[in-house]
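Contents: one structure, followed by commentary.
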Amino acid sequence: MIAGQGKFTGDLTPPRTLYAYFVRSKYAHARIKEVDVRRAVKVQGVRAVITGNELADFPIFQPISLAPYKPYGAKEAIVYPLAVDKVRFVGEPVAIVLAESKFAAAEAASLVDVEYDVLPAVVDPEEALKPVAPKVYDHWDSNLFMKFPSEWGDVDSAFKKADYTLSDKVRIQRFTGQALEPRAYVADYNVSERRLTFYASTQQPHPLRTILSETLKIPENNIRVIQPYVGGAFGLKIPPFQEEVAIAVASVKLGRPVKWVAERWEELLTGGHARDQRHYFEIAFSKDGRLLGMKVKIIADMGALFPTPGWGMPIVTTIHLPTVYKVENYKIELFEVVTNKNPLNAYRGYGKECACFLMERIMDLIARKLGKDRVEVRMKNFIRPDEFPARISRYSVLDSGNYPTVLRKAVEIFEYEKWLKIKEEARKEGRYIGIGVAYELTPEGACIPGSFFLQYDAVTLKVAPTGKVMVYTGITSPGNGQETAIAQIVADSLGVRIEDVAVYQGDTDLCPYGLGNFSGRSMITGGSAALLASLELRDKLRKVAARILEVRPEDVEISGGKLYVREAPERHVTTRDVAFAVYKNPYDLAIDVEPGLEVTKYFKMPNALHVPDEHGYTRIYTSFPNAAHLCAVEVDVETGKFSILRYVVVDDCGKVINPLIVEGQLHGGIAQGIGGAIMEELVYSDDGQLLTTTFMDYPIPTSKEVPDTIIAHVETPSPYTPTGAKGVGESGIVGAPACIVSAVEDALSEFGIKIMETPIRPSRIWKLIEEAKKK
Amino acid sequence: MVKKVKVSMRINGEKFSAEIDSRMLLCELIREVAGLTGTHVGCMTGNCGACTILMNGKTVKSCTILAVQANGSEITTIEGISKDPVFDSVQRAFNKHYAVQCGYCTPGMIVTVYYLLSRREVLGRREIREYLSGNLCRCTGYQHIVDAVEEVFREKGLFREEV
Amino acid sequence: MISQPFEYFSPKSLREALKLLDKFKGKAKILAGGQSLVPLMNLGLATPRYIIDINNIRKLSNIVVSENKVTIGSLVRHYEIAESKVVREALLMLSEAAGHIGDIHVRNRGTIGGAVCHADPAGDYAPVLTVADAKFEILSFNRRRLIAARNFFKGVFTTDLKPNEMLAYIHIPRVGRRTGTAYEKLEFVSGGFAVVGAAAIVSLDDRGSVEKLAISVGGVEKRPITIDFTDELSGKKIEASTVGKICAEVKERITEPLSDIHADGEYRRAMSEVFAKRALSKAVKRALGGE
């Protein structure tokens, strides 16, 4: 990998490959009158131009069933590989050019003449809800996709009893993950075998196979999806994309391999957006700082609706409020609205960061109103360690946790008291230092009914006659190193060296059906399945070893590549000896066991609940890592620019299997959180043009913007996973924006500034300071 | 009719010539004609640095250079660098500090580190962060990469502690 | 990826390049470091029919010192300007500006001529060269002319260059003793273009009174806003209040500030004052031998 030998999808070019280039809509909302390909097909090397109408028989299979959401009004929207009749966002694919060279394809694409009847576009979700708004879907009665409630207790009486109430609005901008590797697909249809091989930069090879089969009407046993190395994903490579299906169809139609690699501007347009939520809230609290009740109205902008799971994000926000705090009365209403912006896809954080940002802003508001310390207010409101399992909504039960210990440890490591003094001293010198506090809850192990987002997964484990081990997983790695952790689990339980374990992932012909990678599930499900499979084969190895060593199986220990007698370790056989015996001596040494050393095990998280209990309650998420963030910033009040002086995270992701990998995930998550807090924003013009389509307009943090971070752990094991791990894939990103905003606000406390939206660009902070000065 | 142009250069010490479309970028020639896919492409606007290579001994972003412009030049890619003895210590440090997650930015990072080592300038963490700022990484949050680079520079006696 | 075909030329001499430029009139683009042009071509935002690559014209890569000026070829790379001892001594703020451009890789390849001719309002060189009263030597097939930097920048991506002309050399003055220069830049993300970039030059006489004082601010309007305060302040001492007053004047002069998603006009205008002050204070300190 380091030497550049790792193969990514874009590195593959089978013989006779045709290159694809998409013709994309220039308008946010328009009817397609005519697509004229005459000029395009004349370009030398062009083999075909396919337009939307030609693929109108291939509506993309919707992998998430809308049935559970029908009671909330969920509406259907059919998406085709290429736009049919109407385009609903800038960049929507309208036609695809296939040519012998990518230059010919791109040149020809610029010569496809599309005649549009431009319609008024709606780009603001609150405008979209007005009766006069243009309709994104002609057959819907409004732009409201669904209205989803979450209620608890008696919110009205809580407000009546409270010492204080206040209301405000929190807005989180639209932004996105932008993995460094753009999406890439290579479809290779073998006409004589009627077999499609599809190489994809994806997070879910098996579900993608099912989607392609259902969409293309190719029997699923004639499709093989291969996921080469993936250069980052962060949720945004969850299928299905229009481009994915279009490339597959093109290969089937032309009987040749077809390759497409997205360019960055295409990624920023159609690679999946996220966030874009407004939260109007009222809170009621007591004079000692207890949050007694809250009313929240969430407006979430879905852009155009897509089969990707983007629309689940605001639901996840909704069902996890009030996060780690015990609030016995609340009423939350979520309005999911469609507009003529680009579709959403899952992005690391998946709505949890919005819930965290809202709750943390609320905690700071309470502290400020009451003149109390922000750490203290959080301590007062935490769910106590003895209150787990703790149901926080009709849909969610927190498994375990020890929030006060985690926060206390963070306060100690950060040297909170010392920094309060530093801050004070600095103020005397005219410098503005602020301290940020935030507590994140990062629900993991999503288990969405009727979808491919569930908490089971599989491992096929094989021990070869020579004792070497092969692990085939249904989970995949987008580059988070979990294959190393899986190898470690297997090596430990089979007593072999980690070098003797090979992990294979991302090939639907080799691996058991699994759901890939999302929601921090790799270790929860894949790690657990690996453990179950290893234990089964270990038993078998022990049984055979016992016969060879002439002892009882329970007297045999396994480690260091050896199986030995517990009481007399010098009496031993190697794993290799035993494996050879299983394969070569089925009628003597291995007479007690079934031949072969292969097993497939599925692990299913036990604590999801889809059949509602007697109260009508369910459980959608299964694991609840959490973390405390503390940081110090210094703001240049002349410019609004600030620098991060210190950043501490104490994280509780349950049992830490590999500390370096866990830290790597946290560092990466924090960096993305910082990007979202301070600079990343997808900005639209009033007519729906995306103005941020390069890394110049959409900067992401460099090594200079991200500070060195101090990380420590508290380990509260998951009661439900065999390893005790809770997942760490989305930690860090959830709390970072809240922590940074808290710090900047604190630095500027003498101006009395409130920061209720991100990103906090210097220009915005400066404006807040100027406005405050005028008051 | 697109005119083809002839180019010849040295890539990783070996003579290389081809007849190419003048539109071809240097990163495309390296990847698609020379078949050296270790050089990655991430943005095509000279921002991300995934395509960083050495051209006549200096780092450049190969998506901002036409392939034909490399005519007569000396190109070194990650594949070339990985044969240099210096690479071993860089690789060891990157592995030890888990400085590689998805691996997409890694070749560009390594080319940059190799170049920085060739300048023999003494660096502190702050300068390492400064010099790596032309290579974007979306997975690691940079800290483990900076740790690895620090270790490499320390081994070579080129690291300076900061207060 | 570049979708539109073009014809590529790589002249070895200036004469040859100018001849091609003359022949293709407005349809040709000069390619120097390509750090702006090639990305624009990749995005389909520039679609030249002919590319004239000047990288093989050796003499454009030189930095030549003469008695009272330094001549920088248009092909000199940013890193050379940032590191050149000659340039640092002649005009420190020019090295500072070069060191602020992009990142090490961009500076290894990008050229001063290319950056200047691209005329991005947020470019780092324009305010420096303007305030330093640099002269641009412009060539066409049958003509050579000199133009002052302040007359060269016309607007957003627009210069005084005619389609058949190219910028060959930039002549910068070698500032004397008791002269200080400084460039201060506001960028939101490292390697980004300047939200505001301010350049200041101050010359003092041996009693510490002003002989020359000028400020130029880039990034704020379509072209650098340059104000020469020499007449106003000549013979006077510089007090803190003077700095404040003239920087407020810089802000007053900005009437049509640029606005984009990162920073609106009001902010840029305010920042022009802040950064003018920072650049000027530094330049004064340097003029007094303080740094």
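Quick caveat, the model's predicted, so the values are computed rather than measured. Residue numbering restarts at 1 for every chain, and letters A, B, ... go by the order of the sequence lines. Every heavy atom of this structure was used, including side-chain atoms; hydrogens, water molecules and symmetry mates were not.
Proximity to chain C (any heavy atom under 4.5 Å) is restricted, for B:M55, to the side chain, taken from C-beta onward. Contacts of C:S3 with chain B are made by backbone atoms alone, with heavy-atom separations under 4.5 Å and no side-chain atom involved. If you measure heavy-atom distances from B:R119 to chain C, the contacts under 4.5 Å come from the side chain alone. Both the backbone and the side chain of B:V60 come within contact range of chain C, judged by heavy atoms closer than 4.5 Å. Only the side chain of B:T52 comes within less than 4.5 Å of a heavy atom of chain C; its backbone N, CA, C and O stay farther away. Heavy-atom distances place no part of C:S10 under 4.5 Å from chain B, backbone and side chain included.
Side-chain N/O atoms of B:Y131 and C:D103 include no donor and acceptor closer than 3.5 Å.
With respect to chain B, the highest number of heavy-atom pairs below 4.5 Å among C:M41, C:R107, C:Q35 belongs to C:Q35. In terms of heavy-atom pairs under 4.5 Å with chain C, the best-connected choice from B:N71, B:L25, B:L132 is B:L25.
More than 12 heavy-atom neighbours from other residues, nucleotides or ligands sit within 6.0 angstrom of NZ on C:K154. Counting heavy-atom neighbours within 6.0 Å of C:K27 NZ, excluding the residue itself, gives a total of 12 or less. Around NZ of B:K58, the count of heavy atoms belonging to other residues, nucleotides or ligands within 6.0 Å exceeds 12. In the displayed structure, B:E14 atom CD is contacted under 6.0 Å by at most 12 heavy atoms of other residues, nucleotides or ligands. The environment of C:K23 atom NZ is sparse: at most 12 non-hydrogen atoms of other residues, nucleotides or ligands sit within 6.0 angstrom. Environment of CZ in C:R15: sparse, with no more than 12 heavy atoms of neighbouring residues, nucleotides or ligands closer than 6.0 Å.
Taking 4.5 Å as the limit, some side-chain heavy atom of C:L31 sits within range of a side-chain heavy atom of B:Q69. Contact of the B:K61 side chain with the C:R109 side chain is not registered, since no non-hydrogen atoms from C-beta on lie closer than 4.5 Å. Between C:P5 and B:R23 the shortest side-chain heavy-atom distance falls below 4.5 Å.
To the nearest 0.5 angstrom, C:L37 atom CG is 8.0 Å from B:L66 atom CG. In this structure, the separation between CG on B:D21 and CZ on C:F6 is 7.5 Å, given to the nearest 0.5 Å. Taking CD1 from C:I2 and SG from B:C63, the interatomic distance works out to 10.0 Å, rounded to the nearest 0.5 Å. The distance from the OH atom of C:Y50 to the OG atom of B:S22 is 12.0 Å, given to the nearest 0.5 Å.
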Could you give me the CA-CA distance, side-chain angles and deciding distance for C:I104 and B:E130, then say whether side chain to side chain contact (heavy atoms under 4.5 Å, CB included) is met?
CA-CA 9 Å; C:I104 45 167; B:E130 170 75 44; over 6 Å; no
Check step by step if side-chain hydrogen bond (donor to acceptor under 3.5 Å, both in side chains) holds for B:T64 and C:H105.
CA-CA 10 Å; B:T64 64; C:H105 317 310; over 6 Å; no
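A donor-acceptor pair is defined here as one N or O able to donate and one able to accept, closer than 3.5 Å; such a pair exists between the side chain of C:N42 and the backbone of B:M44.
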